[in-house]
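Have a look at the structure below before the remarks.
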Protein chains: 2
Amino acid sequence: MTNEIEMDLDTASPLERRIHEFYAALPPAERKLADLVLQFPGDLAAYSATELSELAGVSKAAVTRFFKRIGFASFDEARRQSREARDRGSPIYLATSAQSGTVGPVDPGTFFNDEIQALQRTLHKLDAAAVARVCTRIAGARRIVVIGHRNSYHLAGYLRGLLGQIRPNVLLFPGPGETPGDHLADLGAEDLVIVVAMRRRRAQISNIMKSVADLGVPIVLITDPTARGLPALAKETLVCETASGFLFDTYTPAHAVLRLLAVDLSRQLGQKGRTHLKAIERLHEQLNELEQ
Amino acid sequence: MTNEIEMDLDTASPLERRIHEFYAALPPAERKLADLVLQFPGDLAAYSATELSELAGVSKAAVTRFFKRIGFASFDEARRQSREARDRGSPIYLATSAQSGTVGPVDPGTFFNDEIQALQRTLHKLDAAAVARVCTRIAGARRIVVIGHRNSYHLAGYLRGLLGQIRPNVLLFPGPGETPGDHLADLGAEDLVIVVAMRRRRAQISNIMKSVADLGVPIVLITDPTARGLPALAKETLVCETASGFLFDTYTPAHAVLRLLAVDLSRQLGQKGRTHLKAIERLHEQLNELEQ
DNA sequence: CCGCCTATAAAACAGTAGTTTCAATTATGT
DNA sequence: ACATAATTGAAACTACTGTTTTATAGGCGG
């Protein structure tokens, strides 16, 4: 090859850049591949060269030639780089490298980016069907008790507030000065317990869940990926990412999931729930409590 | 409750669900793998079984056994399913328009996209210098009282929790059964009041801020773009977006901003080597300690 | 029309991925 | 304590991946 020098300049540039660079000079079959890859941004790394060839309707050999033509040593190198480019933004990467350890003011843009990535990871792992099932349970339950300790207390309170706007008989546990059993003792199979248990849980939460489960009360668990034994005790589990490149876990994904539940539930209940919501708003207006 | 419509078994049992189902019965080596996969930030499908075995520190054989044990025909089937699940949630495939008016279940991807947009709008309007000034005030205040009602109560509680981990004398107001004045009466100019007042404020908050300001106590206000008269009463104001295409306002941007304050503050205190540094170190230890 | 070059896919090839086997090791039950 | 079962990694194995080779077809200038 004549352009050896240009080659090593390329090593740092991302995949798409290279494609565009060579796009005009690409033969038909390889252009098909280029179009496919550009249309599939993100997880090239998840596909094999054989699959790409099938999706593009070209031969396997074309795939090999294509990636060599745009400057990679091999398809495997392209895959690896694509994957690493994706993971580089990951909070776990950041945690071990620059951001977490550095001193000095935090760049808000970097910080928000970190939050957004946590949201995306949560979405990626979120089971939409499970969300729907949880909503059905919430809609159908006679009473609902929301449980959350420590870090999860505010989340639990938030969820209670949301659900309380949509349907009656939603309780927060523990309320101020309550001891275990106050609300839990007389629960039954028609009721529902929602446990919010994000990282740094108390061991106690496991015991509570066990005794609740023994009563035959279904449990919905909202937790982070590090929960190990807990999901086995629950009927449904929704996992929210908490890992962040910065100090303190993030609970924005959990926040989003809780609101998603509320939004979905209100849709599911349709007019019935909406009237409840409207009723509350009208009440507030009448009491003149609202500023605007 | 009657059982819902039966679903496609393949799509109804995503990877994580299966892992949790079998987790308790997993032998040590395979449990290592389970933990790795659960905490995996990126896309499982982008990694090979060999790489997973190396990352988890087990043999390749263990990877094969693991995926078979949790119910997949092979590693390849697991990879394929994981990949398909990811593509379903990929932002590119989702309509960007909010579906506020429509009925029917909410698509999680669209919903999360909505949240992300709210975060980005917040970031754009955020004044980084104001964040820094607020941090300086928080660092220097003798006592801090965090105030939040209604929708803002959980946010206020969250902020109190964060700040309480970093510095002493951070109070939440109102605590359970407290009346206005309990904490506020003896505040002075060296103290700081942080008011969290997102939309659907009570008119009362304005009165509280006035009387606090009359005492000469500086106020930091965290609110949404609809706040009218309030910022005039505060020394600093941080604005967080709450508007959403879906039912209910979103508080994830507010959440993010609060955590940003805490992160920034901890850096600021650490950098200046103040007396709280020791507390910060302890915090790091706490956050790093393994649990459960 | 012809030689030359490029593009392409099919087939041969080499390397590696994931699986299976197996012996050593560790748990478990009696 | 013993025997049995389960777990594990190393190594043999197989199947498939990506690459290279090869032959054919097509384009372009002479």
Side-chain angles (χ1 to χ4, degrees), chain A residues 1-3 7 10-11 15 18-19 21-38 40 43-84 87 228-229 232, chain B residues 10 15 18-19 21-38 40 42-84:
Chain A
M1 279 280 140
T2 54
N3 49 357
M7 287 288 189
D10 289 347
T11 49
L15 173 66
R18 296 199 192 183
I19 295 179
E21 191 176 338
F22 289 85
Y23 190 84
L26 247 36
E30 298 180 26
R31 188 166 296 196
K32 277 191 193 173
L33 277 166
D35 291 339
L36 182 76
V37 171
L38 288 175
F40 263 87
D43 40 9
L44 166 77
Y47 289 79
S48 70
T50 304
E51 286 171 308
L52 287 180
S53 78
E54 285 165 4
L55 288 169
V58 299
S59 70
K60 292 199 298 172
V63 178
T64 294
R65 280 192 297 267
F66 169 65
F67 281 100
K68 288 201 169 174
R69 190 189 300 269
I70 63 174
F72 292 96
S74 67
F75 169 76
D76 214 58
E77 188 191 286
R79 156 191 281 176
R80 201 161 309 173
Q81 285 196 19
S82 164
R83 193 180 64 188
E84 276 162 16
D87 292 352
R228 279 140 213 226
Chain B
D10 289 352
L15 177 66
R18 298 199 191 185
I19 295 178
E21 193 177 334
F22 290 86
Y23 189 84
L26 247 37
E30 297 180 28
R31 187 166 298 200
K32 277 192 194 171
L33 279 166
D35 291 341
L36 179 76
V37 171
L38 286 176
F40 217 68
D43 191 357
L44 170 75
Y47 289 78
S48 70
T50 304
E51 287 171 307
L52 286 181
S53 77
E54 284 165 3
L55 288 169
V58 299
S59 68
K60 291 198 299 173
V63 179
T64 294
R65 281 192 293 262
F66 170 65
F67 281 98
K68 289 204 166 170
R69 191 189 300 265
I70 63 175
F72 293 97
S74 67
F75 170 75
D76 213 60
E77 187 191 288
R79 156 193 282 177
R80 202 158 299 212
Q81 285 196 19
S82 165
R83 194 180 60 189
E84 277 159 14

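Proteins get letters first, then strands, A, B, ... in listed order; numbering begins at 1 in each.
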Please report the distance, rounded to the nearest Å, between [atom1] in [X] and [atom2] in [N].
{"X": "A:Arg31", "N": "C:dA7", "atom1": "CZ", "atom2": "C1'", "answer": "14 Å"}
{"X": "B:Leu26", "N": "D:dT8", "atom1": "CG", "atom2": "C1'", "answer": "14 Å"}
{"X": "B:Leu33", "N": "D:dT7", "atom1": "CG", "atom2": "P", "answer": "14 Å"}

Worksheet item: Taking the side chain as C-beta and beyond, is there a heavy-atom pair between B:Leu52 and B:Phe67 under 4.5 Å?
Response: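 When only atoms from C-beta onward are counted, B:Phe67 and B:Leu52 do touch, with a gap below 4.5 Å.
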Practice prompt. Would you give a per-nucleotide map of nucleotides 12-21 of chain C, 5' to 3', where B means the base has a protein non-hydrogen atom under 4.0 Å away, S means only the sugar-phosphate does, and - means neither?
Written response: ------BBB-
Discussion item. As an exercise, state the distance from CZ of B:Phe66 to CD1 of B:Ile19, rounded to the nearest 0.5 Å.
Written reply: 4.0 Å
Using residues 22-34 of chain A as the side-chain source, report each donor-acceptor pair under 3.5 Å to any protein atom, sequence neighbours left out, with the distance given to one decimal.
from: A:Tyr23; atom 1: OH; to: A:Asp35; atom 2: OD1; distance (Å): 2.7
from: A:Glu30; atom 1: OE1; to: A:Arg69; atom 2: NE; distance (Å): 2.6
from: A:Glu30; atom 1: OE2; to: A:Arg69; atom 2: NH2; distance (Å): 3.0
from: A:Arg31; atom 1: NH2; to: A:Tyr23; atom 2: O; distance (Å): 3.2
from: A:Arg31; atom 1: NH2; to: A:Ala24; atom 2: O; distance (Å): 3.0
from: A:Arg31; atom 1: NH2; to: A:Leu26; atom 2: O; distance (Å): 3.4

Worksheet item: How far apart are the closest heavy atoms of B:Val63 and B:Ser53, and which atoms are they?
Response: CG2-CB, 3.5 Å
Worksheet item: Between A:Glu51 and B:Arg83, is there a salt bridge with N-O shorter than 4.0 Å?
Response: yes
